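Right, one structure below, let's go through it.
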Amino acid sequence: MDKDTDFGSGYFGIALLYFKSIVNYRVEIVARIVRGLIAPLATVILWTVIYAASNTTVINGFPSSDIFIYFFLTAALARVFPVVDVSQDMQSDIKSGDIAASLMRPMNYPLLQFATSFGDTFVDFIFITMPIFLLVCVIAGFIPASVNTAVFAVEIVLGFLMTYLMFFFVGCLAAYFVNINGIVNVLLWVFNVLGGRLIPLSVFPTWIASILALLPFGTVFYLPVVTLSGFASWSYIETGILVMLAWTAIFLMMSVIMWKISREKIMASGG
Amino acid sequence: MFNWKSFLYYRTQFFFYLVYAAVSPLASLLFVYVVYSVSAGVPGWSFYQLLFLSGVVGMLSSLVPYICNPSGLVYALRYGTFEVFLTRPYSAFTALMANYGDTTNIAGIIDEFLLVVYAALHLQVTFIGVAMTAIVFILGTIIVTMLMQAIVMLTYRAFRTASVTMNFFNTFMQFGSYPLSIYGFTATIIFTILIPVGFATYYPAELLTGKAGTEIFIFSLIGSLIIMGVLYSIIAKRLKSYVSAMG
């Protein structure tokens with residue numbers, strides 16, 4: 001078979017196919033990298049001005065020297081997280097009826113969606129997040145410690161699994177509500193506001209920061225970035241990883257149950 | 001009207017958009033609250049002044065996609081549905097404004113407007129100040145909308161995607177979210193003339209809060225009209241040179 005058309009077999013092949021198809025949208029990738037490099041500059045300047053106006057170098061334990069790294073790395077991660085496309089794809093499949101054809105295939109639909117999301121996220125991470133990371137590290141003269149980088153990689157994988165499962169669960173709701181854009185928008189809003197993209201979690205009043213650290217939203221952007229930058233203590237990182245594992249397990253259970261229920265609903269509707 | 005009926009038909013979606021409408025201004029409120037509770041804030045801007053600016057930016061971020069959705073326009077150009085409007089007895093420019101908006105943004109417009117009103121009530125505003133602010137904001141919104149359409153028209157042939165326009169819009173809205181004065185003189189000029197987001201965000205906020213007076217109002221009026229003329233000529237030129245996929 002031609003090497004351009006042989007994408008392997010099964011789910012890995014699906015992931016690779018998505019990887020190859022997305023790589024073809026070069027302009028989109030470049031536009032997103034440029035945005036990832038320019039947009040955080042506004043937030044960095046704002047916080048620099050705020051620190052200067054307050055005549056301090058530390059606000060709620062967050063040093064002004066970490067502003068540059070923090071906001072650029074957070075913006076780079078926001079290019080890939082949360083993994084929201086799965087719910088949009090499921091909504092589209094259910095609305096159009098394409099899910100019927102997918103269910104007839106000798107493939108597991110949730111795993112098919114997983115492979116698709118994995119290919120999609122992987123290409124974004126390699127071609128958008130990583131170049132921004134590397135450029136920021138070069139510009140800031142920042143070299144992360146190898147241990148921190150390894151833990152960061154674990155958190156990225158967990159972040160992918162956790163948000164994939166969360167949005168897969170939301171995608172299942174399309175079997176009942178058909179249009180789930182409103183739910184997705186509310187969740188995206190929560191991720192953006194309470195995930196540390198605008199304000200580092202440690203800058204929030206302590207009681208709010210403590211609650212956010214236990215929610216899934218606070219672990220997707222904030223935890224990996226403060227792990228890589230070396231800002232967080234190891235006890236905070238350990239707790240964060242445990243929180244991610246717990247939420248991943250919760251969303252996995254919810255997704256399995258919801259998929260079983262919604263699949264029956266789809267079948268009953270003639271899917 | 002069809003878009004609206006379709007939107008309301010999905011009741012759960014409508015409910016969650018109501019929830020979204022209720023919580024989304026909280027983002028601005030929370031951000032400004034945290035900034036002012038842990039620091040001295042932005043120099044020269046009080047809590048409610050910054051809240052007003054955040055509300056104006058939020059309103060603009062919803063208003064522009066409500067009027068003009070670049071993804072919808074690119075889709076129409078790519079699949080040939082735009083051609084239909086060229087045969088109608090009204091200008092293609094009117095069609096651009098009327099057909100490619102995203103109805104769901106109405107929630108964002110309303111709730112950010114309420115935030116703007118809330119912030120304005122805590123500021124000492126005059127009737128003339130409100131009138132000047134409203135006029136400059138409306139002109140600024142038209143400019144930003146036309147800019148989006150012009151960018152789609154200019155970049156479509158080369159890239160065939162709305163992604164460039166959307167990334168551009170989101171990036172300059174990020175800069176417009178904060179007082180332009182923090183970026184320095186050069187950046188203020190850039191965001192006033194080259195990327196005229198300042199006319200829709202910064203200058204209205206300056207006028208309402210009394211930081212700017214009649215001279216800035218007149219400058220905004222003249223500047224807006226000139227930029228509108230330039231953008232209209234770009235859009236009209238691109239529409240004239242548009243060749244239908246049908247030949």
Side-chain angles (χ1 to χ4, degrees), chain A residues 25-43 45-56 59-62 75 91 95 170 173-174 176-190 192-194 197-205 208-209, chain B residues 6-7 9-24 26-31 33-45 50 104 107-108 155 158-179 181-184 187 191:
Chain A
Y25 293 97
R26 286 183 286 270
V27 172
E28 190 151 341
I29 288 174
V30 171
R32 289 171 72 183
I33 290 175
V34 171
R35 186 183 160 204
L37 286 171
I38 295 175
L41 203 58
T43 317
I45 294 172
L46 176 80
W47 278 99
T48 306
V49 168
I50 290 169
Y51 274 86
S54 307
N55 277 326
T56 181
I59 292 178
N60 274 12
F62 196 85
Q91 173 185 268
K95 253 184 174 179
V170 173
L173 297 176
Y176 293 89
F177 305 132
V178 184
N179 196 320
I180 51 169
N181 288 333
I183 304 172
V184 171
N185 272 355
V186 170
L187 282 174
L188 282 177
W189 178 89
V190 177
N192 283 332
V193 177
L194 304 179
R197 280 191 64 194
L198 291 174
I199 306 166
L201 295 196
S202 62
V203 174
F204 278 94
I208 299 179
Chain B
S6 166
F7 176 51
Y9 182 78
Y10 295 108
R11 286 182 292 272
T12 314
Q13 170 191 244
F14 183 67
F15 169 76
F16 274 98
Y17 271 108
L18 284 182
V19 173
Y20 179 60
V23 297
S24 68
L26 291 178
S28 306
L29 197 61
L30 185 71
F31 177 74
Y33 166 75
V34 171
V35 164
Y36 278 85
S37 63
V38 299
S39 72
V42 179
W45 289 74
L50 196 62
T104 56
T155 58
F159 305 132
R160 298 282 194 272
T161 173
S163 172
V164 175
T165 313
M166 288 314 295
N167 278 295
F168 182 77
F169 177 69
N170 290 325
T171 304
F172 72 66
M173 285 310 291
Q174 183 84 38
F175 279 88
S177 301
Y178 314 124
S181 53
I182 67 167
Y183 306 122
F191 289 108

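For clarity, every value in this text was computed on a predicted model and none was experimentally measured. Lettering follows sequence order; numbering is per chain, from 1.
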Counterpart residues, side chain to side chain contact (heavy atoms under 4.5 Å, CB included), relative to B/Leu30 (two or more places apart): A/Val193, A/Leu194, A/Phe204, B/Val34

For chain B, which of A/Ile38, A/Ile208, A/Thr56 has the most heavy-atom pairs under 4.5 Å? A/Ile38

With rounding to the nearest 0.5 angstrom, report the CZ to CZ distance, B/Phe169 to A/Arg35. 10.5 Å

Nearest 0.5 Å, what's the CG-CZ distance between A/Leu46 and B/Phe175? 11.5 Å

Options B/Phe172, B/Tyr183, B/Tyr33, ranked by heavy-atom pairs under 4.5 Å with chain A, top entry: B/Tyr183

The side-chain hydrogen bond (donor to acceptor under 3.5 Å, both in side chains) partners of A/Thr43 (sequence neighbours excluded) come to B/Gln174

Which atoms of A/Ile59 approach chain B - backbone, side chain, both or neither, heavy atom under 4.5 Å: side chain

Could you look at A/Ile199 and say if it's the side chain, the backbone, both or neither that has a heavy atom under 4.5 Å from chain B? side chain

Under the side-chain contact (heavy atoms from CB on, under 4.5 Å) test against B/Ser39, which residue among A/Ile50, A/Val203, A/Val49 passes? A/Ile50

Are the side chain of A/Ser54 and the backbone N or O of B/Ala40 linked by a donor-acceptor pair below 3.5 Å? yes

